[in-house]
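Structure below; questions to follow.
Order of the sequence lines fixes the chain letters, A, B, ..., with proteins taken first and strands second; residue numbering starts at 1 for each chain.
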Amino acid sequence: MPADLTLTLVMEVASGILIVAGCLFFLAGTVGLLRFPDLYCRLHALTKADTLGLGLIVAGLVLQNPVWPARLQLVLIWILALSAAATVCHLLARSSLAAGIEPIREPGGSSAGVTSAGEDR
Amino acid sequence: MNPVDLYMLAGIVITLIALYAALTRAHLFWKVLAINLMGTGVFLILLAAPSRRTPEIADPLPQAMVLTGIVVAVAATALALGIALRVIARSGLPFLPDGDEEDQGSGGSAGEASR
Amino acid sequence: MTALGFLLDAAVVLLLVGLATRLLLTRHLFEAIVLFVSYGLTLSLAWVRLGAPNIALAEAALGAGVTGALFLNTYQRLTERIGDGPKSPLLEDDGSRDPPAWFKGVLGGGVLLLVLGAGWALLGAGRRPAFLPHEIAARLPETGVQNPVTGVLLNFRGYDTLLEIAVLVAAMAGVWSLDRGSRRFGRARGEPDEDPVLHALTRFAVPVTVVTAVYLTWVGSTEPGGAFQAGSLLAGAGVLLTVAGVLPPPTAASRPVRAMVAGGMAGFILAGIAVLPLTGQFLHYPEGWAYPMILGIEALLTVSIAVVLVELFVDVPAVPEPDPALESVDPSGDPLGRALRGKEGS
C-alpha cells in the first residue's frame, strides 16, 4: 500500500511538472508571436513552442488519467494538433512567399517584405 | 460573488455592447459580427441563469436550446454575409443604402458619381 | 482550488468582454475576424466552465471554426476584387457612415442603463428552486437515451430540433438563391495547387475525422456528442477535402447534394408521421422504439448538417467584376465599377 501511495505521489508530481513546463512553452510561443519581427519568425515561434507545450501537457494528463482509452484519445488529439499545426504553418509560409513577402535577413534590419500588404497589422 | 454570476454579468455586458455596435456601426460586416456576438451573450445568460438556481445539476433544456441556437446562428451568418456581398456588388460600398441613394438607384440618374 | 477556479473564471470573463469590445470597435476587418475566432475559442472555455461540454464542442467547431472560416472566405472574396491597393472602405471602415455623435451618446447611455437594469434584475432575482432539471432527470429513461441534452433535443423538444433543421435548410435555399453563378472556389489565383503537405494531412486527418464523427453520433445518446457536433466535424473534413481540391465543391445543381441537404428534415418528418398510427401524436415515439428512431434521425441529421455547412462555407459568392458595359445598358449603372475606379483615381 505505501509503495502504491508513493507511486501515485510520484506520478502526480511528474504530471504537475510536465503541465507547468508545457504552459511555459505556451507562454514562450505567445511572447514570440507578439515580439518577433516578421511572419516567418512568428510562425516558427508559434508552431514549434505551442506543439511542444501541448505535447507536454498531454503527457502530464496521460500520467493523471488511469483509463487507457482516454489516454489514447489524448495522444491522438496531440497527433492531430501536431499535424494540423505543421501543415498550416507550411501553407501560411508557402503562400506568403508566393505573395512576395520576404523574410527579414538580419536581426533588427527591415526588408522590403515588411511594407507589403500581406503583413498583418 | 460566485463564478456563475460572473458569466451572467459577462453575458449581459456582451449582449448590450453588441447591441450598441449593431446600431452604431454602419459597416455591414460589423453589423453581422455584432449580431453574432449578441447571440453569444444571450447564450451566456441562458446557461448561467439555471446554474445559479440549481448548481448541483446541469439543466439540459437551456443547453439543448443553445446548441440549436449556435447552428442557427451559423446558417444566419452565412445568409447575411451572402446578402452583404450582394449589396457590395450592387452599390460598391458595404453600407445599407440611404433613402436618397435608393431613389438614385430606381430613379436612374446614372450620372450621379460615386461618393 | 476554488480560489484558483474563480481566478480562471475571472480571466475567461475579462478576456471575453475585452475581445468582444475590441472586435466591435476596431476599424480593420481582418483584425475583427481574427478577434472573432479568438472570442469563439475563449467562449468554448466558458462553456466548459459552465458544465456544458456539449456546447463547448459545438462552439469550437461552429461558432469559432465554421463562422470564422465564413468571414475569412468573405474577406478573401473582397481582397480578390480589390487587390493589394490602397485602403478600401470595404476592409477599413473609417466610420464616416456611422450615425452622429449625439445618437451614439444617447444610445450609449441607454445601453448603460440597460446593463445596470438587466444586471440588477437578473443577478438580484430571488433564487426560486428550479424543478425542470429534476423532472428531466426523472423522466430521462422514457426518452431511450442517457444523455439528457440528446433526450431534450430529439425527444422532449423534438419539434424545436425539427424546426431548427428547417431553418438550416431555409438558409441554405436563401444562399443558393443569392448565388447567381458568380461563384469561384479554390484556386482562384491560377496555379493548380498540388501541395504534398496538405494532401498528406488530408489523407491522414479525413479518415480520423470521419471515424470520430460516427463515434460522436453514436455516443451522443449517452455522453456529450450528437448530430450537431458530429455534423460540424464532418463538415470540417468536407471543407478540408474541398480546399485540397480532392472533392469538387458541392453545388445546388447537383442532385445528391440537394438530397443530402433535405434528407435530415425529410427523415425527421417521415419518422414523425410514421409513429402517428402507433401513438396518435406527431413525433411521439412508441415505447421501445425511441432509441433506434433517435439514432436513425441523428445519423440523417449529421449528414444533412455536414453538407449544409460545407456548402455554406464554399458558397460565398465572388463579387463580380465591375462591368463598364453596364453603365450604357442599365440605368442604375455599374456602381461597383464606379466606386473602385473613383477610389483608384483619388
Side-chain angles (χ1 to χ4, degrees), chain B residues 3 5-10 12-14 16-21 23-27 29 33-34 37 40 47-48 50-54 57-61 63-64 66-68 70-72 74-79 81-83 85-86 88-95 105 108 110 113-114, chain C residues 6 9 13 16-17 20-21 24 29 32 36 43 46 50-52 54-55 58-59 62-63 66-67 70 74 89-90 93 97-99 104 107 111 114-115 118-119 122-123 127 130 132-133 136 148-149 152-153 164 167-168 171 174-175 178 228 312 317 319-320 331-333 335-336 338-339 342:
Chain B
D5 291 354
L6 276 183
Y7 287 107
M8 173 83 108
L9 206 59
I12 295 169
V13 171
I14 288 169
L16 291 168
I17 291 180
L19 174 68
Y20 173 81
L23 293 177
T24 54
R25 296 296 299 260
H27 197 293
F29 287 157
L33 281 170
L37 254 63
T40 60
L47 272 198
S51 333
R52 293 178 72 240
R53 284 165 65 171
T54 48
I57 179 170
D59 190 343
L61 186 65
Q63 290 201 16
V66 172
L67 204 53
T68 46
I70 290 175
V71 180
V72 168
V74 175
T77 306
L79 187 57
L81 285 178
I83 293 173
L85 279 178
R86 286 238 75 91
I88 291 172
R90 181 133 186 87
S91 72
L93 292 170
F95 306 112
S114 61
Chain C
F6 185 81
D9 286 324
V13 162
L16 278 178
V17 174
T21 315
L24 289 173
L29 187 56
F36 180 78
L43 193 60
L50 282 169
N54 285 293
I55 301 175
E59 182 71 50
L62 291 178
V66 176
T67 315
L70 266 171
T74 314
L90 297 180
D93 177 22
R97 290 293 193 95
D98 289 357
K104 286 187 184 176
L107 193 70
V111 161
L114 267 177
V115 167
L122 288 170
L123 290 173
R127 303 190 180 192
L132 209 51
I136 290 173
V149 177
V152 169
L153 272 178
E164 183 244 343
V167 169
L168 215 59
V175 170
L178 280 173
F228 296 106
L312 286 179
V319 181
S332 65
L336 176 63
R338 273 205 308 273

Quiz item: Hey, which of C/A58, C/G119, C/A46 has the most heavy atom pairs under 4.5 Å with chain B?
Solution: C/A46
Practice problem: Sequence neighbours left out, what passes side chain to side chain donor-acceptor pair (under 3.5 Å) with B/T40? Give chain and number order. | Solution: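 Once residues adjacent in sequence are excluded, the partners of B/T40 under the side chain to side chain donor-acceptor pair (under 3.5 Å) criterion are C/Y39.
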Quiz prompt | Backbone N/O of C/L62 and side chain of C/T67: donor-acceptor pair under 3.5 Å | solution = yes
Exercise. Please examine the side chains of B/L6 and C/F6, heavy atoms only from C-beta on, and report whether any two atoms are closer than 4.5 Å.
Key: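 Heavy-atom side-chain distance check passes, below 4.5 Å.
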Quiz prompt | Rounded distance [0.5 Å steps], CG in B/L33 versus CG in B/L81 | solution =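 Interatomic distance, B/L33 CG to B/L81 CG, rounded to 0.5 Å: 8.0 Å.
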Quiz item: Got a sec, which residues hit ring pair (Phe, Tyr, Trp, His ring centres under 6.0 Å) with B/F29, two or more places apart in sequence or on another chain?
Solution: B/H27
Quiz item: In terms of heavy-atom pairs under 4.5 Å, which option from C/L312, C/T21, C/V149 contacts chain B the most?
Solution: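 With the most close heavy-atom pairs to chain B, the winner is C/V149.
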Practice problem: Give the member of B/L67, B/I17, B/I83 that has the highest number of heavy-atom pairs under 4.5 Å with chain C. | Solution: B/L67
Quiz prompt | Under 4.5 Å from a heavy atom of chain B, the part of C/I55 involved | solution =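 Contact with chain B: backbone and side chain both.
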Quiz item: Using non-hydrogen atoms only, which part of C/V111 is less than 4.5 Å away from chain B: side chain, backbone, both, or neither?
Solution: both
Self-check item: Residue selection (most heavy-atom pairs with chain C, distance under 4.5 Å) from B/V13, B/L37, B/T77
Solution: B/L37
Practice problem: Check whether any side-chain heavy atom of C/F228 lies under 4.5 Å from a side-chain heavy atom of C/L153, and answer yes or no. | Solution: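 A side-chain contact under 4.5 Å exists here.
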Quiz item: With respect to chain C, which residue among B/A21, B/P94, B/A10 yields the maximal number of heavy-atom pairs within a distance under 4.5 Å?
Solution: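 Looking at each of B/A21, B/P94, B/A10 in turn, B/P94 comes out on top.
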Quiz prompt | From OH (B/Y7) to CG (C/L16), nearest 0.5 Å | solution =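 Separation between the atoms: 7.5 Å.
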Practice problem: Identify which part of C/I136 has an atom lying under 4.5 Å from any heavy atom of chain B, answering side chain, backbone, both or neither. | Solution: side chain
Self-check item: Pairs of heavy atoms under 4.5 Å with chain B: top-ranked of C/L29, C/V167, C/L43
Solution: C/L29
Exercise. Check whether B/I14 gets within reach of chain C through its side chain, its backbone, both or neither, counting any heavy atom under 4.5 Å.
Key: side chain
